[in-house]
Chemist: 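If you scroll down you'll find the structure; I have some questions about it.
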Number of protein chains: 2
Amino acid sequence: MPSITRRRSAKLGRPTSAEADVLAATQRLLAGGATFTELGVQQICTEAGVARSTFYSHFRDKTDLLLRLAGRLMATSFDVTSAWQPAAGVEGLEEAFLQVIQVYRRHAAVRRALAEVATYDSAVRDYFTAELHQFTDWTIKILRAEQEAGRTPAGLDPVSATRIIVTGGERALTDQVTSADPASDPAFARELAHTWWHGVYRRPGT
Amino acid sequence: MPSITRRRSAKLGRPTSAEADVLAATQRLLAGGATFTELGVQQICTEAGVARSTFYSHFRDKTDLLLRLAGRLMATSFDVTSAWQPAAGVEGLEEAFLQVIQVYRRHAAVRRALAEVATYDSAVRDYFTAELHQFTDWTIKILRAEQEAGRTPAGLDPVSATRIIVTGGERALTDQVTSADPASDPAFARELAHTWWHGVYRRPGT
DNA sequence: GTAATTTCCGGACGCGATGTCCGGACGTTG
DNA sequence: CAACGTCCGGACATCGCGTCCGGAAATTAC
């Protein structure tokens, strides 16, 4: 157990701790197109210029590394999204999505790895769904409030609609960021905003 | 090279070839909640009552097994979806989605495995995206035709909208099937249909 | 200065899973 | 009976993971 009074790394001349090197190297490899699953610990350590045994003195395993890499990813994108309110209208929604896309693009590699491992690792999946839960709860609440105010049709099912918005939207965003030209981002943001707006929040009729 | 004149398996009384046993066992284990990645060859063989060496005389590797398991999955759901035309209206779309959900529920296990492995195995990913391409092309074509006819706003970007519909919709469907109560299927189908209808196909204004 | 402590290296180890190979048992086919 | 195809059972090399330990190097405390 390290003492708290003692600085972790008093001297700054040193090439920063091995931990940071590993984090950076992983992000680099991921950004280079590698898949987290097919990425070996040895490979990461070689890229980081660190001994393999050192890796395990900083991370319990590869999953631990990924989770720590994930960090405050979701938190930031949640802040951006939840800043929007229906009162801001479809233009405001479009603007919000454009910002979300920027955030997604910045962390595309880690986000992709997260979605990847979440499909077969329960620990990562739990983390992922827990983070998505923020969005789900928030969206359901907003929809119910809009229904109360009579701006969203009462016949709409908030739970199903939210599943479409959050789950489907998250996937579409990830897809846009990982395999579409950034030049098409504005058009995509506009489509997403208008689809949710006219398809859900201001769905006409009935 | 086996002779063509000679029947592969003349006698039908035999307990069907080991290959079928492996396919069935895998589907069973998958349906039981197992993850394809964490599923070992030994485990599959034990469940199938087959020697491990026999597995490799029928399948090149686990990926080969999955691809063969995938078979005509996508084909059937494409047939169901593409049977719908905008002329059938939102009610027709709702009905089509309800049928798609049935198909998804039937093959949920394999579909989940497919989506899982597609995230890190390029061979499976290629297969998956190739199959999704059918839907993408079809949807873009429909949207363009609707714009020509003036029923869908001309300002809509067919490519971005299709990305939302196909990619996002596929994910929302998978989510509904894997983690929601079947009783909520009709409500979900209704929401999906209305969202795409009013949000895209018959988006109001401009 | 020296000693103690932290951090990292380098390599060993056991483990489990993958994919290959082969000898032999069994039933079918001609 | 003999040839053939299918399957079993186990041996084998290989790889990646996670653990462990002895020692080098640098930093800190005294």
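Since this is a predicted model, take the numbers as computed values, not measurements. Proteins get letters first, then strands, A, B, ... in listed order; numbering begins at 1 in each.
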Chemist: Between B:Ser179 and B:Asp175, do the side chains contain an N or O donor and an N or O acceptor separated by less than 3.5 Å?
Modeler: yes

Chemist: Let me know the distance between OH of A:Tyr56 and C1' of C:dC15, rounded to the nearest Å.
Modeler: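 Distance check: A:Tyr56 OH to C:dC15 C1' gives 13 Å.
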
Chemist: Whole-Å distance between D:dT19 C1' and A:Phe55 CZ?
Modeler: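 Interatomic distance, CZ of A:Phe55 to C1' of D:dT19: 14 Å.
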
Chemist: Closest to the A:Thr54 side chain: D:dC7, D:dC17, C:dC8?
Modeler: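 Looking only at side-chain atoms, A:Thr54 lies closest to C:dC8.
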
Chemist: I need the CZ-C1' distance between B:Phe59 and C:dT20, as an integer number of Å.
Modeler: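 It works out to 17 Å between those atoms.
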
Chemist: Base of D:dG18, side chain of A:Arg52 - is there a donor-acceptor contact under 3.5 Å?
Modeler: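 Check passes, donor-acceptor contact within cut-off.
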
Chemist: Can you tell me how far P of D:dG18 sits from CG of A:Asp64, to the nearest Å?
Modeler: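 Interatomic distance, CG of A:Asp64 to P of D:dG18: 10 Å.
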
Chemist: From the set C:dC8, C:dG19, C:dC9, return the single nucleotide nearest to any side-chain atom of A:Ala18.
Modeler: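 Taking heavy atoms from C-beta onward, the closest nucleotide is C:dC8.
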
Chemist: Does the side chain of A:Gln176 come under 3.5 Å of the side chain of B:Thr167 through a donor N or O and an acceptor N or O?
Modeler: no

Chemist: Output the single nucleotide from C:dT18, C:dC9, D:dG9 whose closest atom is nearest the side chain of B:Ser53.
Modeler: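 Nearest nucleotide to the side chain: D:dG9.
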
Chemist: Under 6.0 Å between the ring centres of A:Trp197 and A:Phe97?
Modeler: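 So the answer is no for these two rings.
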
Chemist: What is the distance from CG of B:Asp21 to C1' of D:dT6, rounded to the nearest Å?
Modeler: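 The distance from CG of B:Asp21 to C1' of D:dT6 comes to 13 Å, rounded to the nearest Å.
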
Chemist: Please state how far atom CD in A:Gln42 lies from atom P in C:dG10, giving the value in whole angstrom units.
Modeler: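 Whole-Å distance recorded here is 11 Å.
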
Chemist: Find the distance A:Glu19:CD to C:dC8:P and express it as a whole number of Å.
Modeler: 9 Å

Chemist: CG of A:Leu65 versus P of D:dC17: gap in Å, rounded?
Modeler: 11 Å

Chemist: Between B:Phe36 and A:Tyr120, does the ring centre distance come in under 6.0 Å?
Modeler: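 No, too far apart.
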
Chemist: Ignoring backbone atoms, establish whether A:His58 has a side-chain N or O less than 4.0 Å from OP1 or OP2 of C:dT7.
Modeler: no

